[in-house]
Amino acid sequence: MIPANFDYAAPESLDEAISTLSQGGDDAKLLAGGHSLLPLMKLRLAAPSLLVSLGKVPGLSGIERSNGGFSIGAMTRHAEIADAEELGVTAHAASLIADQQVRNRGTIGGSIAHGDSAGDLPTVFLAAEGTVTAQGPNGERQIQATEMFKSFLTTAVGPDEVVTSVYMPALDGYGWGYEKFVRRSEDWAMVGVCALVKSNGGTCEDVRVALTHMGATPLRASATEEALRGQSLSPESIAQAAEQAAEGTNPPGDVNATPDYKKHLARVLTKRALMAATGG
Amino acid sequence: MAESVRVNVTVNGESRSSEVEPRLLLVHYLRDTLGLTGTHIGCDTSNCGACTVLMDGESVKSCTVLAVQADGAKVQTIEGMAPAGNGALHPIQEAFWEHHGLQCGYCTPGMIMAAADLLKRNPNPTEEEVRHGLEGNLCRCTGYHNIVKAVMAAAESMRSGEGVPA
Ligand SMILES: Cc1cc2nc3c(=O)[nH]c(=O)nc-3n(C[C@H](O)[C@H](O)[C@H](O)COP(=O)(O)OP(=O)(O)OC[C@H]3O[C@@H](n4cnc5c(N)ncnc54)[C@H](O)[C@@H]3O)c2cc1C
Ligand code: FES
Ligand code: FES
């Protein structure tokens with residue numbers, strides 16, 4: 001399988017990348033790790049006229065502690081994130097992505113800019129309420145997680161913008177869990193659940209639950225969150241709240257799972273993720 | 001027609017320089033342009049791992065990397081694993097031979113390259129860690145059992161320094 005023809009540019013600075021991209025017209029696309037884009041191009045589901053590679057742009061990779069959180073360069077590979085234990089649930093979710101070869105190439109910036117609802121890092125980003133920094137011809141702006149995922153494979157990142165870094169709050173005081181259900185370990189999630197819980201003397205002070213592959217975008221399980229916030233945390237209260245994890249979702253069926261089965265998985269995995277997040 | 005692009009790649013220690021179409025996949029560059037047909041193609045979906053090579057020391061699926069993305073990189077393929085000249089094999093190759101880690105052999109080059117990355121990251125893996133480390137590589141023949149045995153044995157011989165590390 002060979003992609004359709006395209007032109008290729010490998011700029012050596014961020015400014016040059018942005019100008020090449022914006023002059024490249026509608027069909028120009030950025031290329032990061034290529035592990036979402038190239039498979040689509042090989043199947044001819046995407047046929048950009050120009051690829052602008054970020055591979056030679058300096059300064060887009062690495063993990064830095066900043067402002068009560070972590071600033072992760074957009075080109076930081078999943079493998080490096082998986083090895084950075086201080087990143088907590090982000091590192092854990094990255095370690096569950098596909099296989100070593102894919103983790104060696106795929107990037108956090110590409111994963112979030114692409115916004116695949118079956119992706120693991122977009123879900124964690126949504127639960128953690130992270131922020132993306134994007135730079136375009138008109139300068140730099142921040143995009144909040146709640147504003148990021150618009151519809152199927154459509155994010156708030158503009159066609160001439162480059163995501164330069166992803167900020168993840170450190171979430172001190174939160175317990176976490178990420179549960180991913182697959183038939184084979186290299187697969188995309190049939191369903192995945194990220195849970196973050198802050199407890200104060202056994203009471204749930206804050207809770208965030210986000211779902212992978214339960215709709216066109218990653219989703220927050222707000223009914224579960226509301227049911228648990230302010231309540232005392234016990235296996236019973238968690239089980240009860242988890243029963244509402246699929247509320248309001250309309251997951252697409254596929255060869256692996258019917259919509260009903262996915263809803264079932266969302267409930268079961270939410271319970272497990274919440275238990276993990278509360279040390280159970 | 002897209003404009004062709006010059007790539008400079010070091011493949012198995014040798015500098016190569018070619019004009020390529022941007023859409024040329026690294027696996028086709030290795031197989032068709034350079035004639036290194038030890039790297040196989042087993043799928044259209046980036047799943048099987050038969051095309052695994054090392055790029056700057058890390059395992060990648062060369063069917064999902066453009067040749068132009070390898071510009072400036074060092075690529076190692078199965079042909080570059082055995083030490084040059086004396087007919088000896090790399091310890092991972094030796095272990096696959098010893099432990100019958102292959103039947104038809106189609107998946108083997110990719111398995112060996114993935115195992116090289118795995119053993120670099122974790123020189124003393126458990127059996128479970130080996131299975132996880134090879135989850136990006138499919139084998140339709142062996143049932144994986146002897147592949148895992150071979151990688152465990154290779155790990156031991158590389159740790160004890162009997163073999164030649166990559
Ligand atoms: C076999 C296989 C299995 C996989 N399994 C999983 C899985 O289980 N879980 C999972 O989460 N992912 C999985 N992935 C996807 C993988 O994580 C991708 O690497 C990731 O989704 C996209 O990152 P990338 O760097 O490869 O982006 P690319 O493919 O290079 O780009 C994707 C899109 O984002 C845009 N883009 C990229 N970088 C930027 C940027 N900095 N700024 C603005 N736009 C940008 C591109 O223009 C493109 O439209 C799998 C991929 C493969 C091939
Ligand atoms: S040929 Fe199957 S993963 Fe590359
Ligand atoms: S030995 Fe035949 S595919 Fe693995």
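Residue numbers start from 1 in every chain, and the chains themselves are labelled A, B, ... in the order their sequence lines are given, proteins ahead of strands.
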Query raised in the report: Tell me, side chain or backbone of B:Thr64 under 4.5 Å from chain A's heavy atoms, or both, or neither?
Result: both
Report summary line: Cut-off 4.5 Å, heavy atoms of chain B, and the answer for A:Asp83 is side chain
Report task. Given side chain to side chain donor-acceptor pair (under 3.5 Å), test A:Gln101 with B:Asn137 step by step and report yes or no. Result -> CA-CA 9 Å; A:Gln101 291 96 315; B:Asn137 293 70; 2.8 Å; yes
Query - More than 12 heavy atoms from other groups under 6.0 Å of CD on B:Glu19 - result: yes
Query raised in the report: To the nearest 0.5 Å, what is the distance between CZ (A:Arg105) and OG (B:Ser59)?
Result: 11.0 Å
Query - Atom pair CZ (A:Arg77) and CD (B:Glu58), whose distance is rounded to the nearest 0.5 Å - result: 8.0 Å
Query raised in the report: By a 4.5 Å heavy-atom criterion (distance strictly below it), what part of A:Leu37 contacts chain B: side chain, backbone, both, or neither?
Result: neither
Requested in this report: Kindly check if the number of other-residue, nucleotide or ligand heavy atoms within 6.0 Å of NZ (B:Lys120) is above 12?
Outcome: yes
**Report entry** Crowding at CD, A:Glu64 (>12 non-hydrogen neighbours, <6.0 Å)
**Finding:** no
**Report entry** Among A:Ala10, A:Ser185, A:Ser49, A:Gly55, residue most engaged with chain B (heavy-atom pairs, under 4.5 Å)
**Finding:** A:Ser185
**Report entry** Top contributor to chain A interface from B:Leu24, B:Leu134, B:Val5, B:Asn47 [non-hydrogen pairs under 4.5 Å]
**Finding:** B:Asn47
Report summary line: Distance col, row B:Leu138:CG vs A:Glu186:CD, nearest 0.5 angstrom, shows 5.0 Å
Requested in this report: Check whether B:Leu118 gets within reach of chain A through its side chain, its backbone, both or neither, counting any heavy atom under 4.5 Å.
Outcome: neither
Query raised in the report: Heavy-atom distance under 4.5 Å to chain B: side chain of A:Leu31, backbone, both or neither?
Result: side chain
Query raised in the report: Above 12 or not: heavy atoms from other molecules or residues under 6.0 Å from CD of A:Glu85?
Result: no
Requested in this report: Evaluate whether atom NZ of A:Lys180 has more than 12 neighbouring non-hydrogen atoms of other residues, nucleotides or ligands under 6.0 angstrom away.
Outcome: yes
Report task. Check whether any side-chain heavy atom of A:Leu51 sits under 4.5 Å from a side-chain heavy atom of B:Gln69, and report yes or no. Result -> no
Query - B:Asn86, CG: over 12 other non-hydrogen atoms inside 6.0 angstrom - result: yes
Requested in this report: Verify side chain to side chain contact (heavy atoms under 4.5 Å, CB included) between A:Tyr8 and B:Asp71, making sure each step is shown before the conclusion.
Outcome: CA-CA 12 Å; A:Tyr8 181 80; B:Asp71 184 41; over 6 Å; no
Query raised in the report: How far does CG of B:Asp117 sit from CD of A:Gln100, to the nearest 0.5 angstrom?
Result: 5.0 Å
Query raised in the report: Should we say atom CZ of B:Arg140 is surrounded by more than 12 heavy atoms from elsewhere, each under 6.0 Å from it?
Result: no
**Report entry** Rounded distance [0.5 Å steps], NE2 in B:His132 versus CG in A:Leu96
**Finding:** 9.0 Å
Requested in this report: Apply the side chain to side chain contact (heavy atoms under 4.5 Å, CB included) test between A:Lys42 and each candidate in B:Leu25, B:Asp44, B:Thr45; give the one that qualifies.
Outcome: B:Leu25
Query raised in the report: Roughly how far apart are A:Ile2 CD1 and B:Cys63 SG, rounded to 0.5 Å?
Result: 12.0 Å
Report summary line: Bottom line for B:Met55: the part with an atom under 4.5 Å from chain A's heavy atoms is side chain
Report summary line: If one checks every heavy atom of B:Arg121 against chain A at 4.5 Å, the contacting part turns out to be side chain
